[in-house]
Amino acid sequence: TVSDSTVEFHANALNRAMPSGTLHVVIPLREVSGVHLLPGVATKIVSIDVRYRRAKVRMYGADKVVGSIRQALAALPCEQG
């Protein structure tokens, strides 16, 4: 889910049934320094640069999610000061 202040990823039922890492991720848009669409076999990968880390999420519709994140980043008000 992309809002005007965060990007959120929540595991679906299949992923919740197979415990393997973090199931819910919330990233403040102000902390995003880059967003990329990476290739995958059956699904593509959303890659988000946050400070000194990179969050990667494999999903269907990744290209649309990357576009939504880029739009939300462009709409952020510029900080002054």
Side-chain angles (χ1 to χ4, degrees):
T1 304
V2 180
S3 74
D4 59 352
S5 61
T6 63
V7 179
E8 299 183 25
F9 297 101
H10 302 282
N12 61 20
L14 178 62
N15 289 326
R16 286 191 302 269
M18 303 172 71
S20 61
T22 304
L23 298 178
H24 303 289
V25 176
V26 179
I27 302 171
L29 281 175
R30 289 239 174 253
E31 295 182 12
V32 174
S33 59
V35 60
H36 314 278
L37 181 64
L38 304 178
V41 177
T43 57
K44 293 183 180 173
I45 300 166
V46 176
S47 176
I48 302 174
D49 299 330
V50 183
R51 296 185 186 181
Y52 300 104
R53 296 181 176 210
R54 180 170 285 162
K56 292 182 180 178
V57 180
R58 180 180 300 275
M59 64 172 50
Y60 292 104
D63 51 343
K64 292 179 184 177
V65 172
V66 167
S68 294
I69 295 169
R70 288 179 177 158
Q71 282 184 323
L73 288 170
L76 284 176
C78 295
E79 290 186 5
Q80 301 207 357

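For this chain, numbers begin at 1 and follow the sequence in order.
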Original post:
Are L38 and V35 linked, directly or through other ILVMFWY residues, by side chains that come within less than 4.5 angstrom of each other?
Top reply: no
Original post:
What is the minimum heavy-atom distance between H36 and R70, and which atoms define it?
Top reply: CA-NH2, 4.1 Å
Subject >> OG1 on T43 to CG on D63, rounded to 0.5 Å >> reply: 11.5 Å
Subject >> Nearest non-hydrogen partners of G40 and R58, listed with the distance >> reply: CA-NH1, 3.8 Å
**OP:** Nearest 0.5 Å please: distance from the OG atom of S47 over to the CZ atom of R54.
**Re:** 4.5 Å
Original post:
Roughly how far, to the nearest 0.5 Å, is CG of L73 from OG of S33?
Top reply: 9.5 Å
Original post:
Between R51 and E31, is there a donor-acceptor pair closer than 3.5 Å when you use the side chain of the first and the backbone of the second?
Top reply: no
**OP:** Begin from the C-alpha positions of F9 and M59 and carry the test side-chain contact (heavy atoms from CB on, under 4.5 Å) through to its verdict.
**Re:** CA-CA 10 Å; F9 297 101; M59 64 172 50; 3.3 Å; yes
Subject >> Same apolar cluster (I L V M F W Y, side chains within < 4.5 Å links), I45/V25 >> reply: no
Subject >> ILVMFWY cluster, V26 and V46 together (side-chain gap under 4.5 Å) >> reply: no
**OP:** Indicate the atoms forming the closest heavy-atom contact of S3 with L29, along with that distance.
**Re:** O-CD1, 3.4 Å
Subject >> V32 and its side-chain contact (heavy atoms from CB on, under 4.5 Å) partner, picked from D49, L76, I48 >> reply: I48
